[in-house]
A.B. asks: 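Mind looking over this structure? Questions follow.
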Amino acid sequence: MRCPFCGHAESQVKDSRPSEDGAAIRRRRLCPECGGRFTTFERVQLRELIIVKRSGRRSPFDRDKLMRSISLATRKRPIDVERVERMVNGIVRQLESQGETELQSSVVGEMVMKALKSLDDVAYVRYASVYRDFRETSDFAKFLGEEGLSDVAEDEL
């Protein structure tokens, strides 16, 4: 594993243990060149997934990008990072188990929306505002009314 600090091609594994949900192996590493310490995670990947965007452009599925977008939606909310990690692992497993190598981005978006709705209403609305491209406050009001979440607007947003 290449050192993220100095770029040295090799590093030593100092400690390995399963992650909390058992879906990954957490490895603490040490660079023999600069002495830098860092952590890596090793996960099983069943197949290479390709996401087909609305524009028709194809790009490899990026678990970290999915995690970042969900983290933005859940930012400053009383949600454990482990719960978000489990949710992302579940979405990835669902995507891999569909048997397709190419998936529409809308499939991923809808899975995230469904998972966030059961996790936190505010995070769900935040994600929806970006995913559905809200332009005006009326877009929020309409969405909240359709979802029966008008009380969220008063309490949290």
Side-chain angles (χ1 to χ4, degrees), residues 1-2 4-5 15-29 37-157:
M1 175 65 63
R2 184 174 301 278
F5 306 112
D15 180 45
S16 291
R17 64 180 71 169
S19 64
E20 299 239 347
D21 63 356
I25 303 230
R26 177 184 180 271
R27 299 194 194 282
R28 288 292 297 153
R29 296 179 176 268
R37 293 180 176 268
F38 57 101
T39 301
T40 59
F41 289 89
E42 184 178 312
R43 290 183 174 77
V44 172
Q45 183 175 351
L46 297 176
R47 63 176 51 94
E48 186 71 28
L49 297 175
I50 303 295
I51 303 300
V52 181
K53 308 286 185 170
R54 290 179 189 152
S55 67
R57 189 173 58 89
R58 289 169 163 65
S59 63
F61 174 74
D62 185 349
R63 184 187 187 286
D64 292 333
K65 184 177 178 182
L66 176 64
M67 186 69 177
R68 282 191 307 272
S69 68
I70 292 172
S71 293
L72 279 174
T74 59
R75 198 170 124 217
K76 295 186 179 181
R77 298 295 303 151
I79 302 169
D80 264 353
V81 176
E82 290 82 24
R83 286 185 72 193
V84 173
E85 185 72 33
R86 283 193 304 270
M87 185 178 87
V88 169
N89 288 341
I91 291 170
V92 171
R93 279 194 298 274
Q94 282 180 309
L95 293 171
E96 289 176 337
S97 68
Q98 288 195 356
E100 301 291 328
T101 54
E102 289 193 357
L103 299 163
Q104 297 294 319
S105 60
S106 59
V107 170
V108 179
E110 291 302 322
M111 283 182 175
V112 171
M113 294 270 290
K114 183 179 178 184
L116 280 174
K117 187 170 185 174
S118 65
L119 184 68
D120 184 82
D121 285 340
V122 173
Y124 169 64
V125 173
R126 285 178 179 169
Y127 187 86
S129 71
V130 174
Y131 175 65
R132 299 231 172 120
D133 197 25
F134 293 173
R135 301 274 182 190
E136 300 174 4
T137 56
S138 61
D139 296 335
F140 277 99
K142 182 180 175 190
F143 177 76
L144 292 172
E146 289 170 358
E147 296 294 314
L149 297 171
S150 57
D151 58 327
V152 172
E154 296 166 5
D155 295 342
E156 305 286 345
L157 300 175

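This one's a predicted model, so the numbers in the text were calculated from it and none came from an experiment.
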A.B. asks: How many angstroms lie between OG1 in T137 and CG in L144, if you round to the nearest 0.5 Å?
C.D. replies: 11.0 Å
A.B. asks: Considering only heavy atoms from C-beta outward, does the side chain of E136 approach that of D139 to under 4.5 Å?
C.D. replies: yes
A.B. asks: Does any part of the side chain of Q98, heavy atoms only, come nearer than 4.5 Å to the side chain of V107, both counted from C-beta?
C.D. replies: yes
A.B. asks: Y131 versus S106: any side-chain heavy-atom pair under 4.5 Å?
C.D. replies: yes
A.B. asks: Which pair of non-hydrogen atoms, one from A24 and one from F41, has the smallest distance, and what is that distance?
C.D. replies: CB-CD2, 4.5 Å
A.B. asks: State, yes or no, whether a side-chain contact exists between M67 and S71 at a heavy-atom distance under 4.5 Å.
C.D. replies: yes
A.B. asks: To the nearest 0.5 Å, how far apart are CG in L103 and CD1 in I50?
C.D. replies: 9.5 Å
A.B. asks: Measure the CG-CZ distance between L95 and R63 for me, rounded to the nearest 0.5 Å.
C.D. replies: 11.5 Å
A.B. asks: Rounded at 0.5 Å granularity, tell me how far NZ in K114 sits from CD1 in I91.
C.D. replies: 10.5 Å
A.B. asks: Within this structure, what is the CD-CG distance for the pair E100 and L49, rounded to the nearest 0.5 Å?
C.D. replies: 10.5 Å
A.B. asks: Applying the side-chain hydrogen bond (donor to acceptor under 3.5 Å, both in side chains) criterion to R28, which one of T39, T40, D15 satisfies it?
C.D. replies: T39
A.B. asks: As a quick check of understanding, evaluate side-chain contact (heavy atoms from CB on, under 4.5 Å) for R27 and M1, giving each step before the final call.
C.D. replies: CA-CA 11 Å; R27 299 194 194 282; M1 175 65 63; over 6 Å; no
A.B. asks: Is the shortest side-chain N to carboxylate O distance from K117 to E110 below 4.0 Å?
C.D. replies: no
A.B. asks: Distance check, rounded to the nearest 0.5 Å: S55 atom OG versus K53 atom NZ?
C.D. replies: 8.0 Å
A.B. asks: Please report the C-alpha distance between I70 and V112 in whole Å, then the side-chain angles of each, then the deciding distance to 0.1 Å, and finally whether the side-chain contact (heavy atoms from CB on, under 4.5 Å) criterion is met.
C.D. replies: CA-CA 8 Å; I70 292 172; V112 171; 3.9 Å; yes
A.B. asks: Checking D120 side chain against V122 main chain: does a donor-acceptor pair fall under 3.5 Å?
C.D. replies: yes
A.B. asks: Minimum heavy-atom separation for S105 to R54, with atom names?
C.D. replies: OG-N, 3.9 Å
A.B. asks: For a 4.5 angstrom cut-off between non-hydrogen side-chain atoms, does L116 reach R126?
C.D. replies: no
A.B. asks: Has R135 got its NZ or CZ under 6.0 Å from the middle of the six-membered ring of F143, at an angle within 45 degrees of the ring axis?
C.D. replies: no
